[in-house]
2 protein chains.
Amino acid sequence: MKLNSAPRKSFRREGEDKRREDLIAATLECVAERGLAGATVREIALRADVTAGLIRYYFPTKDELIGAAYRAVMNRMTVQASDALKNAENDPRARLAAFVKANLGQPIMDPYNLSLWAGFITLVHADPAMAMAHRDGYLAFRDELEALIREALLAAEKPALPNHTRRHAIAVNAIIDGLWLEGCLAGDIFADGELADTGITAIEAVLGISLKAEGGAT
Amino acid sequence: MKLNSAPRKSFRREGEDKRREDLIAATLECVAERGLAGATVREIALRADVTAGLIRYYFPTKDELIGAAYRAVMNRMTVQASDALKNAENDPRARLAAFVKANLGQPIMDPYNLSLWAGFITLVHADPAMAMAHRDGYLAFRDELEALIREALLAAEKPALPNHTRRHAIAVNAIIDGLWLEGCLAGDIFADGELADTGITAIEAVLGISLKAEGGAT
DNA sequence: AGTGTATTTATACGCTTGCATAATTAGATC
DNA sequence: GATCTAATTATGCAAGCGTATAAATACACT
């Protein structure tokens with residue numbers, strides 16, 4: 001005789017897209033707060049205000065949910081960086097500067113994003129599918145950067161040979177990544193905008209051009 | 001009635017130091033191959049050719065073993081970088097170059113170093129004591145770098161004002177970190193020594209001095 | 001050789017995990 | 001408003017986890 005049995009959880013039916021987004025968002029919360037290990041199906045379900053079983057309804061396996069969450073983060077970051085380009089001026093040098101500033105400021109340079117990124121890195125090594133997704137993202141980012149660099153060099157009437165721009169892209173990417181890391185890890189010990197300024201100055205030195213002045217009008 | 005019971009595993013007694021080192025080494029192997037999640041007590045014990053129970057004899061808890069492994073890697077990395085300085089020439093510019101090369105080559109630039117580091121970012125995020133230790137390590141590294149930079153600038157007869165060297169240290173640190181990251185994540189898509197060369201070239205540009213030539217003899 | 005003990009193995013327990021599946025229900029359709 | 005179906009909950013399971021603890025054994029000492 002079952003007395004006082006807890007009432008079954010009430011629920012609403014949601015569209016497939018909404019649910020997937022919610023589940024991914026809940027996953028990211030977990031990863032950011034307690035690392036990948038903290039992202040259990042039960043905890044994720046709790047955050048999404050859903051029972052654990054539902055996860056499997058939308059994602060055949062947990063790995064697929066994790067993978068989707070990872071892609072979502074990477075996509076969000078690249079989209080945010082690209083958005084900065086859309087609102088930027090026409091001069092290629094200004095565009096490169098805007099791109100750098102966007103990556104070295106809020107909301108991209110944020111401990112939350114680093115936590116997410118670090119949490120997923122572990123997976124990138126273990127899971128080949130993850131590794132490929134990561135490499136694609138990295139190369140896409142670097143290619144975009146290389147294009148920006150080439151145009152900036154040309155605008156400054158400097159040579160832009162492919163093997164040079166490749167090297168430049170690797171170096172500039174490193175500067176951005178490295179400063180992003182420093183900012184995420186210890187943002188409070190830097191003045192506001194200091195890292196972005198430092199990055200732009202360093203990149204100007206590496207490329208041998210100015211990113212601020214209109215410069216070189218014939 | 002128990003027939004054919006498997007014989008008890010034979011073993012040798014080892015010194016405490018040896019066993020701890022072996023267990024740490026086994027832990028690092030696990031992390032290197034399958035990430036932190038793959039470093040289970042049973043797998044670690046298997047690699048160390050020991051049964052799982054022994055781990056607890058030397059490390060009260062698994063977290064302590066992981067922590068010891070983390071410290072071992074970090075310590076090894078800083079020692080390796082410092083060793084490179086000891087065997088380096090006397091010229092400050094050559095010393096800085098050697099420091100950079102050491103950090104951007106084997107064995108420091110290695111996927112499992114990144115794996116461990118990334119795995120611990122989560123922990124650093126959660127535990128304030130860990131966070132402080134981590135920050136101290138970062139600042140110590142950057143201070144060492146700043147000292148190297150100051151001496152290199154002076155050797156090149158360039159001004160080395162504190163607020164300049166600070167900025168330079170931040171930028172150079174970013175270049176090293178960023179390239180280290182790129183190399184750890186996708187070392188195979190770079191030619192041998194390419195990242196170290198790229199780093200030195202970029203740093204030369206940022207500092208405005210050459211790290212190769214003896215230069216500036218009055 | 002015998003004894004003692006620190007080291008190591010072996011076994012088991014409680015918990016959590018991801019996944020499977022049955023039971024329910026919200027909301028559209030007629 | 002009855003019906004039907006897809007979305008959701010609820011329950012259970014087998015495997016793996018870290019840890020605790022008892023039993024065995026290698027080795028130093030006498």
Side-chain angles (χ1 to χ4, degrees), chain A residues 2-24 26-27 30-31 33-70 119 122-123 126-127 129-130, chain B residues 2-24 26-27 30-31 33-70 119 122-123:
Chain A
K2 206 154 129 195
L3 293 181
N4 198 18
S5 66
R8 188 171 250 252
K9 181 180 189 290
S10 73
F11 61 91
R12 284 185 53 226
R13 298 188 163 194
E14 295 283 2
E16 173 165 347
D17 291 348
K18 173 71 159 50
R19 269 283 134 84
R20 294 179 95 93
E21 283 172 23
D22 284 355
L23 288 174
I24 287 176
T27 302
C30 292
V31 173
E33 288 185 19
R34 310 203 286 113
L36 250 188
T40 68
V41 288
R42 285 167 176 84
E43 180 67 24
I44 292 169
L46 200 65
R47 304 244 184 178
D49 193 31
V50 145
T51 56
L54 190 63
I55 290 179
R56 224 179 73 87
Y57 187 79
Y58 288 104
F59 298 93
T61 180
K62 185 198 170 186
D63 285 344
E64 301 214 27
L65 169 57
I66 298 288
Y70 175 71
T122 302
L123 271 195
D127 181 2
M130 264 317 205
Chain B
K2 205 156 130 196
L3 294 182
N4 198 18
S5 66
R8 188 171 251 254
K9 180 181 189 289
S10 72
F11 61 91
R12 284 185 53 226
R13 298 186 162 195
E14 295 283 1
E16 172 166 346
D17 291 347
K18 174 70 160 51
R19 269 281 134 83
R20 294 180 94 94
E21 283 171 22
D22 285 353
L23 288 174
I24 287 175
T27 302
C30 291
V31 172
E33 289 184 18
R34 312 204 285 113
L36 255 185
T40 69
V41 288
R42 286 167 176 84
E43 180 68 22
I44 292 169
L46 200 65
R47 304 247 184 177
D49 194 31
V50 144
T51 56
L54 190 63
I55 289 179
R56 226 179 74 85
Y57 186 78
Y58 288 104
F59 299 93
T61 180
K62 185 199 171 186
D63 285 343
E64 300 216 27
L65 168 56
I66 298 288
Y70 173 72
T122 299
L123 222 151

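This structure is a prediction, so every number in the text was calculated from the model and none was measured. Below, all heavy atoms of this structure are taken into account, side chains as well, without hydrogens, waters or symmetry copies. In the text below, chain A, chain B and the rest are named by the order of the sequence lines, each starting its count at 1.
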Which residue pairs satisfy the salt bridge (charged side-chain N to carboxylate O under 4.0 Å, His left out) criterion with at least one member in residues 57-69 of chain B, sequence neighbours excluded?
none
Measure the spacing between CD1 of A/Ile44 and CG of A/Leu65 and express it to the nearest 0.5 Å.
5.0 Å
Integer-rounded Å distance: D/dC17 P and B/Ile44 CD1
10 Å
What is the distance, rounded to the nearest whole Å, between atom CZ of B/Arg8 and atom P of C/dT8?
13 Å
Holding to side-chain contact (heavy atoms from CB on, under 4.5 Å), I want the full list of residues that pass it with A/Ala68, two or more places apart in sequence or in another chain.
A/Ile24, A/Phe59, A/Arg71
How far apart are the closest heavy atoms of B/Cys30 and B/Gly38, and which atoms are they?
CB-O, 4.0 Å
Is the distance from OP1 or OP2 of C/dT8 to the nearest side-chain N or O of B/Tyr58 less than 4.0 Å?
yes
Among D/dC13, C/dA20, D/dC17, which nucleotide has an atom closest to any side-chain atom of A/Arg42?
D/dC13
Sugar-phosphate only, base, or nothing, as touched by A/Phe59 at under 4.0 Å among non-hydrogen atoms:
nothing
For B/Tyr57 and C/dT7, is the shortest distance between a side-chain N/O and OP1 or OP2 below 4.0 Å?
yes
If I take atom CG in residue B/Leu23 and atom C1' in nucleotide C/dT8, what distance separates them, rounded to the nearest angstrom?
12 Å
Looking only at heavy atoms, which two atoms of B/Ala45 and B/Ile55 are closest? And how far apart?
N-CD1, 4.1 Å
Between D/dT19, C/dC19, C/dG18, which one does the side chain of A/Thr40 approach most closely?
C/dG18
I'd like a table of atom pairs between the protein and nucleotides 26-30 of chain C - only N or O on both sides, under 3.5 Å - with the distance next to each one.
unit_1	atom_1	unit_2	atom_2	d
C/dA26	N3	A/Arg13	NE	3.2
C/dA26	N3	A/Arg13	NH1	3.4
C/dA26	N3	A/Arg13	NH2	2.7

Rounded distance (Å) that lies between atom P of C/dA6 and atom CD of B/Glu14
18 Å
Using whole Å, report how far CZ of A/Arg56 lies from P of C/dT17.
18 Å
Salt bridge (charged side-chain N to carboxylate O under 4.0 Å, His left out) pairs touching residues 45-55 of chain A, sequence neighbours excluded, are A/Lys9-A/Asp49, A/Glu29-A/Arg47, A/Glu33-A/Arg47, A/Glu43-A/Arg47
With a 4.0 Å cutoff (strictly under), does any side-chain N or O of A/Thr61 reach OP1 or OP2 of C/dG18?
no
Please list, by residue number, the residues of residues 46-55 of chain A whose heavy atoms come closer than 4.0 Å to an atom of DNA chain D; answer none if no residue qualifies.
A/Val50, A/Thr51, A/Gly53, A/Leu54
Test side-chain contact (heavy atoms from CB on, under 4.5 Å) on A/Ile66 and A/Leu36; report intermediate values, then the result.
CA-CA 9 Å; A/Ile66 298 288; A/Leu36 250 188; 3.9 Å; yes
Check residues 15-23 of chain A and write down every donor-acceptor pair under 3.5 Å in which the side-chain atom is one partner and the other belongs to a residue at least two apart or another chain.
unit_1	atom_1	unit_2	atom_2	d
A/Glu16	OE2	A/Arg20	NH1	3.2
A/Lys18	NZ	A/Asp22	OD2	2.8
A/Arg20	NH1	A/Tyr58	O	3.3
A/Arg20	NH2	A/Tyr58	O	3.4

Using a heavy-atom cut-off of 4.0 Å across all strands, would you classify A/Glu16 as base, sugar-phosphate, or nothing?
nothing
Expressed in angstrom and rounded to an integer, what is the separation of A/Leu65 atom CG from C/dC19 atom P?
10 Å
